[in-house]
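Here's the structure we're looking at; comments come further down.
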Amino acid sequence: MKSEPSAYGIDDLQREKTTIWDGVRNYQARNILGEMKKGDLAFFYHSNCKPPAIVGLMEIVETSIVDPTQFDRTSPYFDPKATPEKPRWHTVKVKFREKFAQSLSLEILKKNFNPEDFLVVKKGNRLSVMPVNNAVAKAIIDLI
DNA sequence: GCCAACGTTGGC
DNA sequence: GCCAACGTTGGC
């Protein structure tokens, strides 16, 4: 799960313990959020920064949360087509698990994984939420 | 700051 | 339904 650290980074999550992962406005990413189960683990990825990197681990603690920002006219994520009766955007609540002592830069990830196995290293991929298969997840943990 | 790689919008 | 124009993401 990606976030720009200037907006919300791993340190923010460590401080707040949990957060609602709001602001996802891409249907494919939303669908992946929708498949998440309570207890699932997720990597926290810092994007649009130097260096882009996996920086920690989170746990999904609540699913199918209506993203409140879609109704907030003052939010950049406001969606005029969404109503409380028919919300368009659901998300999850995540809990801080770990900030890795050593973050795994995109450069390192590219050296260790193929785009077919791990979407994060695929060129041009802009999805902010991506699935990671178990084998890759274990290999990532082993890299730390 | 540039630009590739998308996703979305809207005219037709 | 097609597709050009436009907007956004995010690495570099």
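Order of the sequence lines sets the chain letters (A, B, ...), proteins ahead of strands, with each chain counted from 1.
With sequence neighbours left out, A:Asp79 forms a salt bridge (charged side-chain N to carboxylate O under 4.0 Å, His left out) with A:Arg88. A:Arg97 is linked by a side chain to side chain donor-acceptor pair (under 3.5 Å) to A:Glu59, counting only residues two or more places apart in sequence or in another chain. Remark: A:Phe118 engages A:Phe113 in a ring pair (Phe, Tyr, Trp, His ring centres under 6.0 Å) (not counting sequence neighbours). Considering only residues two or more places apart in sequence or on other chains, A:Phe43 meets the ring pair (Phe, Tyr, Trp, His ring centres under 6.0 Å) condition with none of them.
Separating the CG atom of A:Leu119 from the C1' atom of C:dG10 is a distance of 16 Å, rounded to the nearest angstrom. In this entry the distance linking CD1 of A:Ile54 with P of C:dG11 reads 12 Å, nearest Å. Residue A:Gln28 contributes atom CD, which lies 17 Å from atom P of B:dA5 at whole-angstrom precision.
A:Asp22 pairs with exactly one of A:Thr69, A:Val92, A:Asp72 by the side chain to side chain contact (heavy atoms under 4.5 Å, CB included) rule, that one being A:Thr69.
A 4.5 Å side-chain heavy-atom check between A:Pro87 and A:Gln70 finds at least one atom pair inside the cut-off. The closest side-chain heavy-atom distance from A:Thr19 to A:Val94 is below 4.5 Å. Contact check for A:Ile65 versus A:Trp21: no side-chain heavy atoms found under the 4.5 Å cut-off. No side-chain heavy atom of A:Phe71 sits less than 4.5 Å from a side-chain heavy atom of A:Tyr77.
Listed in residue order, the members of residues 106-118 of chain A having a heavy atom less than 4.0 Å from DNA chain C are A:Leu106, A:Lys110. The stretch residues 67-82 of chain A has no heavy atom under 4.0 Å from DNA chain B, so no residue of it qualifies as close.
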May I have the list of side-chain donor-acceptor pairs in residues 124-144 of chain A shorter than 3.5 Å, sequence neighbours left out?
unit_1, atom_1, unit_2, atom_2, d
A:Asn125, OD1, A:Leu127, N, 2.9
A:Asn133, OD1, A:Ala135, N, 3.1
A:Asn133, OD1, A:Val136, N, 2.8

Worksheet item: Starting at the 5' end of DNA chain C, what dot-bracket string do you get if Watson-Crick and G-U pairs under 3.5 Å are bracketed, crossing pairs use [ ], other-strand pairs use | and unpaired bases use dots?
Response: ||||||||||||

Polar atoms only, N or O, under 3.5 Å: list the protein pairs with nucleotides 7-9 of chain C and their distances.
unit_1, atom_1, unit_2, atom_2, d
C:dT8, O2, A:Arg126, NH1, 2.3

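Pairs passing the salt bridge (charged side-chain N to carboxylate O under 4.0 Å, His left out) check and including a residue from residues 102-117 of chain A, sequence neighbours excluded, read A:Glu107-A:Lys111. Screening residues 34-51 of chain A for side-chain hydrogen bond (donor to acceptor under 3.5 Å, both in side chains), with sequence neighbours left out, gives A:Glu4-A:Asn48. Sorted by first and then second residue, the pairs that involve residues 6-16 of chain A and meet side-chain hydrogen bond (donor to acceptor under 3.5 Å, both in side chains), not counting sequence neighbours, are A:Tyr8-A:Glu16, A:Asp11-A:Lys99, A:Asp12-A:Arg15.
Side-chain N/O atoms of A:Lys123 include one lying less than 4.0 angstrom from OP1 or OP2 on B:dA5.
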